[in-house]
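Worksheet for the structure shown next.
A note on names: the letters A, B, ... follow the listed sequences, proteins ahead of strands, and every chain is numbered from 1.
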Amino acid sequence: MGFLEVEDLKVYFPIKGGLFNRTLGNIKAVDGVSFSIEQGKTYGLVGESGSGKTTTGRAIIGLNDITSGKVLFEGKDLTSKKSKTASVRKDIQMIFQDPYSSLNPKKRVLDIVAEPIRNFEKLSKQEEKKRVQELLEMVGLSPESILKYPHEFSGGQRQRIGVARAIALKPKLIIADEPVSALDVSVQAQVLNFMQDIQKELNLTYLFISHDLGVVKHMCDEIGIMYKGRYVEQGTKQDIFENPQHIYTKRLVAAIPDIDPRHRAEQKQFREDVQREYEQSYNDYFDSEGLAYGLQSVSDTHLVALPEKG
Amino acid sequence: METTDVKMDETTQGVTKSPSGARIFWREIVRDKLALISLIFLVLITAFVYGISLILDQKEIVTVDLFAIHQPPSEEFWLGTDYGGRDIFGQLIIGTRNSLSIGILVTLMTGVIGVVYGLISGYFGGHVDNIMMRILDFFLILPFLMVVIVFVAIVPKYSVFTFSLIMTAFLWMGIARLIRSKVLQEKELDYAQASKTLGSSNIKIMFTQVLPNITSLIIVTMTLNLAANIGLESGLSFLGFGFPESTPSLGTLLSYATNPQTLEYRWWIWVPAAVLILLLMLAVRNVGEALKRAADARQRRG
Amino acid sequence: MSEKLLEIKNLKTSFRIKDDYYAAVDDVTLTLNKNEVLGIVGESGSGKSALAFSVMGLHNRAKIEGNILFKDQDIANISPAKLNKLRGDDMAMIFQDPLTALNPLMIVGDQISETLLLHKKNMSQKQRKDRVISLLDQVGIPYPEHVYNQFPHELSGGMRQRVIIAIAIANQPELLIADEPTTALDVTIQAQILDLIKDLKDDMNTGIILITHDLGVVAEMADRVAVMYAGQIVEIADVHTLFENPLHPYTRSLLNSVPNTQEGQDKLHVIQGIVPSLSKLPREGCRFAARMPWIDESVHEENPVLHEIKPGHFVRCTCHKHFYFPDESKEDSNHGVS
Amino acid sequence: ACSGGSDDEGSGDSGSDDAGTEEGTDEGTDEGEEGDSEAAEGEDGLYSIEDFSTDKTNEGEAIEGGTLQYGLVTDTAFEGTLNWNFYSGTYDAEILGWFGESLLSNDDKYRYTNDGAATYEVSDDNRTFTFTIKDNVNWHDGEPVTAEDWAFSFEVIGDPEYTGVRYGADFTNIEGMEAYNAGEADSISGIEVVDEKTLKITYIKASPSLLTGGIWPYAMPKHIFGDIPVAEMDSSPEVRENPIGFGPFKVESIVPGESVTMVKNEDYWQGEPKLDGVTVKVVNPSTVVQAFETGEVDAVDSFPADQYPDNADMSNVEFLGMIDLAYTYIGFKLGTWDSENAEVVMDDSKKMSDVNLRRAMWYAVDNDAVGKNFYNGLRWNATTLIPPSHPEYHDETIETPTYDPEEAKRILDEAGYVDTNGDGMRENPEGEELVINFASMSGGDTAEPLANYYIQSWNAVGLDVQLLDGRLQEFNTFYDRVGQSGEDDPAVDIYQGAWGVGYDVNPQGLYGHKALFNFPRYESEENTALLEDGVSEESFDVEHRKQVYSDWQKLMVEEIPVFPTLYRSLLAPVNNRVQNYSIAVDFNALHEIAVTEEEPIAAE
Amino acid sequence: MWKFIVRRLVITFPQIILLSVLVFIMAQMMPGDALSGMIDPNIDPAAIEKQRENLGLNDPWHERYVDWVGGLLQGDLGESFRFKMEVTELVEQRLINSFWLGVATLFFTYLIAIPLGIISGRWNDTWGDQLITGYTYIGFATPLFIFALVMLWVFGFQLQWFPTGGSVEPGLTPGSFDYVWSKFQHLLLPALSLALIATVNTVQYLRSEIVDTKQKDFIITARAKGASESRVYNRHIFRNSLLPIAAFFGFEITGLIGGTVFVEQIFGYPGMGLLFMESILLRDYTVVIAVVLLFGIASILGALISDIILSLVDPRIRIK
Ligand SMILES: Nc1ncnc2c1ncn2[C@@H]1O[C@H](COP(=O)(O)OP(=O)(O)OP(=O)(O)O)[C@@H](O)[C@H]1O
Ligand SMILES: Nc1ncnc2c1ncn2[C@@H]1O[C@H](COP(=O)(O)OP(=O)(O)OP(=O)(O)O)[C@@H](O)[C@H]1O
Ligand SMILES: [Mg+2]
Ligand SMILES: [Mg+2]
């Protein structure tokens, strides 16, 4: 049994309207997604804007209601009412995309980082302060920072505060929703490095959501590619980057700009080729509604959404 | 666009603390001469009327003196007397105090109701919001005057407090709406979402996370409301649903001006009250506008 | 050598903060030729947009000093009427944020044809509409007739960005400034848009200034690259030189911190600290010095200037000669900055 | 028989509330003082009603025609129920006065005369009246006014479907009226149409009150209203849009609630009116002075007395004045109303039951000073409950308590009201706290200081009088609590009220033991006997009646169920271009009114 | 669109019902009734009591309510006790007056607000702007009734430019030019007084909208197209800033209702506000109920109009 197992997860948002605000239909934000993550690994979730990455992450942690499907965390079903207990909550935490809005601007660092501690543990003021300072040190901020306000920190530092808060309860799984996409390149590097460090230190598991393939390639062991609420491909880093099977994955990979100006021409050529292939074989990869098919195994680690043969 | 206003130079971070909300407000007010003067005026007036009315004997002031009716300003009566021979100056002081008390009370009560209502409605959204908003809409169409008349008739003691209550019943909706729409935005922000994942209860998130972030909005709105509320009391007095004359307010003094004789020949009865209302409202408003600028980083002058 | 299109000389753009002026663009000198893409990279807040806005004359309350010669005409000191003749016609700009750069109350078609209306006085309404539709088609918008009558909010981010591009290229400008044209977009769309801009250049011989903080985009698009830091150009060179032989410490750090160049290596380089705010910017000495404290202070120039290392390759300050990356252990301790 | 209220003749009262004759303690008529002349002029700031005339003097040469601008001073719209049988507001009555004349005119003693459109004869038993309508009296549409029309008027009011409020003792006193009203008879047996112009009415009980407003003097054109069901008359266009009468002017057009334009009735029985027409329109009380100054109005129905002192020397008008048929008073609650039997029941355990206490309270107030200072002498100390507007019956010789606080204290001490606990306020003879709750009505500028002044005065003699609920009561609340519905609020101990008195001097409607409006709830055998005597057959003898009412006035001064505080004056400015205008009660010559200039004269 | 309107009206329906119930309860709670003003010994208390019985004033409120609803369903709002006429007819008379007063006020409000707001917003922080801002501050702080009284006194009486009471000169034939002209003259001063005070909010709102819009990105886009300053303002800034003002229009109607009570009182202008005050003071409940409901419906419609206008002018929230 895996560490985190997501089975056929569906999250639909109702479209309201009509005379009495009835539900007219659904936005299928996540439409039958299954994957599993091993402890201590980083699992990347990639896809275009609106493909349902965030929704998946939020559904796992319980911020979105699940329409159907299961989320098993260490064997416990998070979707059943009973297990929405505090202890499971403690074990899963989240890092948010925007370091500016994810910290309450009116709270001091102490209060921000201590919030989860206060919710789950009864510590004296003194102990609490000590814990927070330890945490801050762990994320590389000076312990004196506890009395400052978020706006007194740079984006990278804020993201660290967010991490400190997330690890305060010693979680096992952290869902990181585009943790660096709001940051400048140089700062981005800082946060990525640090996330890797802390993962080793605390034996954390990451669900790493991003649309930047470069970053994902740098961070992740396994990767899932989402398209319109469904998976189109899943595999190890090598599977995805060296042997992309689905045309959509290929497009994504081809679209990454190459940092070496010498490859410009080839890159453009490659992109054009993929584009041509995409146009020609679109119907082989997508059903009549333009959605991906179910996943088929290509290798042990590599799954691709292809129409069932025969 | 994260402006550099908020990003601090790292090297100086350890030493200087960036200004807190109150400090920003203060700075903005000091920078704006008009607002500063207004604030000083308000503080002085408030201190003066509350202070002096401790010494003044209200009973004495509203005692009718048959032989001093309609005296123009003199040494004995600085601002003359009204048609009951009562000292206008004394009434002006007590009236200002009462009007300010009403203004402040109403502002506070509408503030509390509006904020709590707006918070709950906005935070929970969905059906709760829907129902609460319908209730609010209903309050908007209530016939204010009629309710006031019923109220005046059935409430035996009509005091500053009860009067404020009835005004409150009709004035909390604006702020509730404002807070609601702000909360609707605010609760979607990551920090509120984050709190949820950290195991904080809804109540806790509402009051300890979201609320502090809308305080500046609340303060600004309440300041501006204060000005409007002071004005409203005088309107009710004009229609005859204000205070009895034994509880003078700026409104009651002002409503004497509806008597054409007073309006034309006995300026000392109503002009000081009119001027004072005007000044109070302007001053409160100036301060409010300065606070508004302070709350809105884009408009900040400094 | 190809024809000079734009020549910026000692440009200084200052904003008023409190009671003083602070330069966001400080002594920038640049040239741009026809049919050339000049990439400008730099961290957020380094003055890239401020530079672009200065060229377009779009700042309303900034003090602009220096010269901006567009086809030998100094557009920094020109009457608003004359400037309006140039803007949208001979020079155009693509804006960063497709969500806000379009008037929400105007249909897309009108917003594009406004440019035509302003500069092609003798076009009939019908001609304008035809032209707009062909422009929409040109930037790759499907069903242009339909989109013509749509409002911005009905379009996706990528489509809107294309509309903005259509506005910019409507009059086939000679100079096109693209300020982070793809930052807000998905990679696949980014690729399409970049290809589109490139095609435009080839078709129309346009000189393009491409502002971005994505080095990959620069590598793919630019002929020459200028690296900006704290309002100044710290290095400028043709694209190959810059990526193969970066000299300025900032350029080198930047290149080192991009994940996908660091194949196999699990640590990325981190530039310490942040770009200081405008009012706190050091105005003397090497502006980057504070962010590489392990380099001895004496190696900086007192008044750093651009040195021409090789023809066409300029670097500011002599400190590049002494720059090295700190070792890993040192880097770790840098986490605790404050 | 009617009493208490003011009459139905156009002179209506000046109250700002339209219905009824209750006089607000103050409404509309307020004080004023020469603000800036007190020291130098001393007494000069005072006015006396005796200096005013009721008739306009104008020696000028009248011009042909002209239109009189007549204002109704009110801040509301007039109702527009323009028919004597249905109107309920005084402003409607005011308008009716211009075009819908009464068949009977009266003299200055309020008694019907034979000078009007109809003459009358009384039978020996004083119960049967024979009226003859003059020949040339015609409706505005040319139809003659007939006895039938007059009888019809009675039939409408007596009809079971009747929607107005006129039906009362004046009508039930007609023979056969009650049977008709109950639907038991097809006609009223006491009313007989003798011939086209002669009507005979027989009353059950003879009373001198019949001659002072007790007979319904208004006819109703049967040829117009005959076909309209009684229940629908009040809202019919014949009442609201095209009302007619036989008066000197006829209605030309109406702007609902705002104005009525009238033109002269050339066929008027007293002769063609001199004016071309009259425009009656609403004037806001707060702008009435300006309306006079600019010549917007020539005359008004009433003028707020408090605005007089500041405008006494307005150059373009003459102020007419007379004693108002009204008085203000303080009432003491002495009993309760028994709704079952519809009568007053005295209750000796009431706080105010001790007459000494009441007398002391009368001594404690200085009404003279109130009249001078609040009202510049335009109101003055009242003595008895029949005001000097009825000079025949008002007994000047009666001694009444006047301001004497020492006397008040003495009386209280003697009666056992002494301060036993040293709080400065007297306790009652049993030694219990005595807190007297005083109800007073809001509205009008002086209401508040006046009430406070009385309270201060009583406090000064050691009586703990407090304003009920600490504030003045709004009109409806006040009368509800004082007892207009029959349920008196026990919290009210004393109150300040005002009454307008009718043409008829009979005070039974206010102080009779069957009168709901007997708010003090006072009764005594002597009182009942005197009041009965005042309307008995013997009282057709004026001397007898005078004696009866003199005794009654004395009784009231002794018993003090209420004590009158102020008598009032009534002022009416008239533009100087107007001629032959009068506010006298016996003025019955609207057709004589003329103007000497085309346009009203403006003030300098 | 129609669906939306219908839905909104359906939602407001229970509100109206609730409001009407409330008015009946309040009427019950208020001391006195239409007949309690008849403190007149001339009138037999029995006659009054009979009237009361006939009019059903002695019934408990729920019975009267049921009757009233019954009447309402047949389009009958009852009869005014005081005016002895159908409430529908009475209200119609007054409504016309109030309607024109409202129209004139709104007209002046915008006539003043739009140029002032534009001047103030376009050239913000100049002396012109400061002057206008000063006006808005003072207008904000001046009680309407004092202002109206002074206006009446100065323009009505001292200068005599305007008539000072009523809605029309007496004696004119309805429909004639003189009649219409006189009506117009009569509503000019009250409308102006109300507008001068009511407009300050709009001026300020417009100003801040313009100042806001000026800084929007799409304005830069427009400038970059080479649009001249005047074109930028006329085509882009004003249009976008006027939109929220247009949306405010409906709420302005609601606000007017409050203002007319004062103004109609002072100018003796027989409209709904005055009718309401009179009726409530004299306890003419059939009228009160009708007026309250009308006011309620007007504010609901006002809000609805606002939403509709907004959806018409703002493509972003176009209602399906
Ligand atoms: N609360 C919500 N109500 C309705 N629809 C929603 C809601 N949240 C998300 N959606 C829709 O669900 C779909 C998936 O959204 P999601 O945020 O998961 O995408 P994403 O992959 O995270 O995109 P991005 O890269 O932009 O963050 C989108 O079409 C979005 O519009
Ligand atoms: N109107 C202005 N007033 C004051 N300061 C400004 C203004 N516009 C820009 N600045 C400041 O000038 C500096 C340069 O800003 P600029 O927008 O040019 O940066 P940039 O390089 O484009 O950054 P980004 O990548 O975030 O767009 C920043 O410090 C910014 O805060
Ligand atoms: Mg997302
Ligand atoms: Mg930029």
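For D:F171, no part lies near chain E; criterion is any non-hydrogen pair under 4.5 Å. With a 4.5 Å cut-off on non-hydrogen atoms, D:A515 does not touch chain E at all. Neither the backbone nor the side chain of E:E264 comes within contact range of chain D; no heavy atom of the residue lies under 4.5 Å from a heavy atom of that chain. In this structure, the portion of D:P160 lying under 4.5 Å from any heavy atom of chain E is its backbone and not its side chain. In this structure, chain D has no heavy atom under 4.5 Å from any part of E:S80. Neither the backbone nor the side chain of E:D284 has a heavy atom closer than 4.5 Å to any heavy atom of chain D.
Heavy-atom neighbours of D:E599 CD from other residues, nucleotides or ligands within 6.0 Å: at or below the threshold of 12. The environment of CH2 in E:W100 is sparse: at most 12 heavy-atom neighbours from other residues, nucleotides or ligands sit within 6.0 Å.
Checked by atom type and distance alone, the side chain of D:Q290 never pairs as donor or acceptor with a backbone atom of E:W153 at under 3.5 Å.
Ranking D:L516, D:V280, D:T294, D:V255 against chain E, the residue ahead of the rest is D:T294, based on heavy-atom pairs under 4.5 Å. Contacts with chain E were tallied for D:E252, D:E474, D:E293, D:K281; D:E474 has the most, counting heavy-atom pairs under 4.5 Å. Of all the listed residues (E:G165, E:S167, E:G268), the one sharing the greatest number of non-hydrogen pairs under 4.5 Å with chain D is E:S167. Each of E:G166, E:G156, E:P174 has some count of heavy-atom pairs under 4.5 Å with chain D, and the biggest count is that of E:G166. Between chain E and the residues D:G257, D:P256, D:A342, the most heavy-atom pairs under 4.5 angstrom are made by D:P256. Among D:V239, D:D480, D:V263, the residue with the largest count of heavy-atom pairs under 4.5 Å with chain E is D:D480. Ranked by heavy-atom pairs shorter than 4.5 Å toward chain D, the options E:T164, E:L149, E:L274, E:V168 are led by E:V168. Interface remark: of the candidates E:Q158, E:Q160, E:R283, E:Q93, E:R283 forms the most heavy-atom pairs closer than 4.5 Å to chain D. With chain E as the partner, the residue from D:T172, D:V165, D:T477 showing the most heavy-atom pairs under 4.5 Å is D:V165.
Atom-to-atom distance recorded for D:T287:OG1 and E:I266:CD1 is 11.0 Å, nearest 0.5 angstrom. The CZ atom of E:R82 sits 9.0 Å away from the OG1 atom of D:T81 when rounded to the nearest 0.5 Å. Rounded to the nearest 0.5 Å, atoms CZ (E:R52) and OG (D:S485) are 7.5 Å apart. Residue D:T76 holds its OG1 atom at 9.5 Å from CG of E:L281, rounded to the nearest 0.5 Å. Atom-to-atom distance recorded for E:E169:CD and D:T279:OG1 is 8.5 Å, nearest 0.5 angstrom.
Nearest heavy atoms, E:F83 versus D:F78: CE2-O, 3.4 Å. Heavy atoms only, all atoms of each residue included: E:Q265 and D:N284 are closest at O-ND2, 3.2 Å. Residues D:R240 and E:K84 come closest through the heavy atom pair NH1-O, 3.7 Å. Closest heavy-atom contact between D:S235 and E:M85: CB-CA, 4.3 Å.
In this structure, D:E258 does not pair ionically with E:K183, as no charged nitrogen and carboxylate oxygen lie closer than 4.0 Å.
E:E79 places a side-chain heavy atom less than 4.5 Å from the side chain of D:D234.
The side chain to side chain contact (heavy atoms under 4.5 Å, CB included) test with E:P170 is passed by exactly one of D:V260, D:I254, D:T261: D:T261.
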